[in-house]
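Take a look at the structure set out below.
In this text, all values refer to a predicted model and were calculated from it rather than measured experimentally. Side chains included, hydrogens not; waters and symmetry mates left out as well; all remaining heavy atoms used. As the structure lists them, so they are numbered: ligands from 1, and atoms in each ligand from 1.
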Amino acid sequence: MFCSVTSAQTPALKPRIDKLAEGLEKKVVAWRRDFHQHPELGNREFQTAAKVAAHLQALGMEVKVNVAKTGVVGVLKGGKPGPVVALRADMDGLPVTERVNLPFKSDVRTEYNGQQTGVMHACGHDTHVAMLMGAAEVLASVKNDLRGTVKFIFQPAEEGPPAGEEGGAQLMVKEGVLDSPKVDAIFGLHINSQTEVGTIKYRPGATMAAVDSYAIKIKGKQTHGASPWAGVDPIVTASQIVMGLQTIVSRNLPLTDNAAVVTVGAIHGGIRQNIIPEEVNMIGTIRSLDANMQKTIHRRIGEIATNIAESAGAKADVSIEIMYPITYNDPKLTDQMAPTLEALAGKDNVRLTPAQTGAEDFSFYQQKVPGFFYFLGGMSKGKKLEDAAPHHTPDFQIDESCFVLGMKSLCHLTVDYMEQRTKVASR
Ligand SMILES: [Zn+2]
Ligand SMILES: [Zn+2]
């Protein structure tokens with residue numbers, strides 16, 4: 001419905017956009033290879049950001065740099081009045097040593113958390129940057145016909161800032177990236193190494209999980225390992241708590257509504273075979289796709305840990321750190337924009353995807369303004385799924401033939417949203 005309205009209003013705009021995007025393919029591939037060969041970790045994307053800023057400046061945009069450390073924001077004012085649409089790409093690489101033999105393979109090495117490691121764009125953020133630079137060039141070329149403003153957001157540290165630093169989308173929002181001009185809607189995509197080129201996947205509502213971490217400190221009473229009755233054993237207590245935590249998802253949550261995960265990731269306690277230690281510390285991660293379920297998990301972790309500890313004569317201190325919110329695709333906006341993707345990629349190639357228990361800091365933008373986040377297939381056609389390495393692994397690889405569709409999707413969403421909004425406003 002929306003598409004027909006759009007094409008009637010600006011008959012020439014989308015074909016022009018498509019032609020421009022196709023013409024930019026080689027340039028976008030070259031950018032991507034350059035970024036791929038020179039990956040930078042979160043909050044350290046200095047070279048990447050400099051290249052992005054130079055490109056946006058050359059397109060005649062008003063450009064802000066050093067937003068949330070290394071972020072770059074470009075504002076493109078269209079020739080006609082209308083809403084402000086934000087498009088977002090993330091720029092950071094990961095501490096992963098690349099194993100794929102590509103001519104533009106990364107040889108970058110660094111120290112991370114005290115260990116030597118390679119640095120690699122093992123999540124495909126290099127492709128996001130290159131495609132958004134391409135989309136910026138396309139939209140700048142047709143700016144006189146744009147009914148509104150486009151804000152290009154290149155953000156650092158999606159994978160999380162280094163310990164002790166702020167960063168990522170949360171800091172971008174804190175520094176006002178969604179204000180002046182105020183953003184009406186935000187779009188973002190993520191490449192996917194295990195979805196075929198030509199396919200786009202999305203989900204209305206909760207799409208990726210909220211992440212929280214928790215820490216439990218169990219205090220017992222130290223004693224000789226040969227006479228446990230003389231103390232309070234925090235190791236046995238911790239073991240009971242681990243088992244107790246398993247009942248949260250299996251016994252306390254309405255599982256037909258949404259998935260959830262409670263994982264214990266580490267337990268530390270003790271130093272020697274014949275000493276029962278004073279204290280055990282454990283940490284873990286929580287994933288949830290529903291705010292009420294999230295609350296229940298937090299409450300139950302506290303109840304289970306403190307009550308089991310009490311029953312053993314020990315004491316448990318529980319702390320929960322709220323990290324990433326749920327990546328939540330505004331249902332109205334998703335309904336409104338899905339036809340745009342279907343018209344572009346073909347109805348059969350646009351599919352609903354199950355919710356994921358991984359997280360995305362795009363969620364911080366969506367907490368403030370309606371947002372739509374979708375997945376772009378980047379696996380070579382005909383490749384077997386078992387041969388396609390997952391994200392964050394040394395063999396991760398992307399087929400570059402998906403870039404044109406990626407660029408077009410960002411541009412089509414932008415112009416369709418603008419057309420729809422100005423149409424509604426003039427009614
Ligand atoms: Zn990632
Ligand atoms: Zn990612």
- request: Establish, from distance only, whether the side-chain atoms of Gln336 and Gln420 form a donor-acceptor pair under 3.5 Å.
  value: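 The criterion, which ignores hydrogens and geometry beyond distance, is satisfied for Gln420 and Gln336.
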
query: Is the Zn ion (ligand 2) less than 2.8 Å from at least one N/O/S atom of His190?
result: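 His190 does place an N, O or S atom closer than 2.8 Å to the Zn ion (ligand 2).
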
I'd like to know: is the Zn ion (ligand 2) within the 2.8 Å range of an N/O/S atom from His128, strictly under that distance?
no

Query - From CG (Asn252) to OG1 (Thr247), nearest 0.5 Å - result: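 Between Asn252 CG and Thr247 OG1, I get 5.5 Å after rounding to 0.5 Å.
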
Output for pair (Leu76 CG, Leu56 CG), nearest 0.5 Å, gives 9.5 Å

Under 2.8 Å from the Zn ion (ligand 1), is there an N/O/S atom belonging to His125?
->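 His125 does not place any N, O or S atom closer than 2.8 Å to the Zn ion (ligand 1).
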
Are Tyr374 and Phe372 close enough that their ring centres sit under 6.0 Å apart?
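Yes, the ring centres sit under 6.0 Å apart.
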
Output field for angle at the Zn ion (ligand 1), His392.NE2 vs Glu159.OE2, rounded to 10°, should show 100°

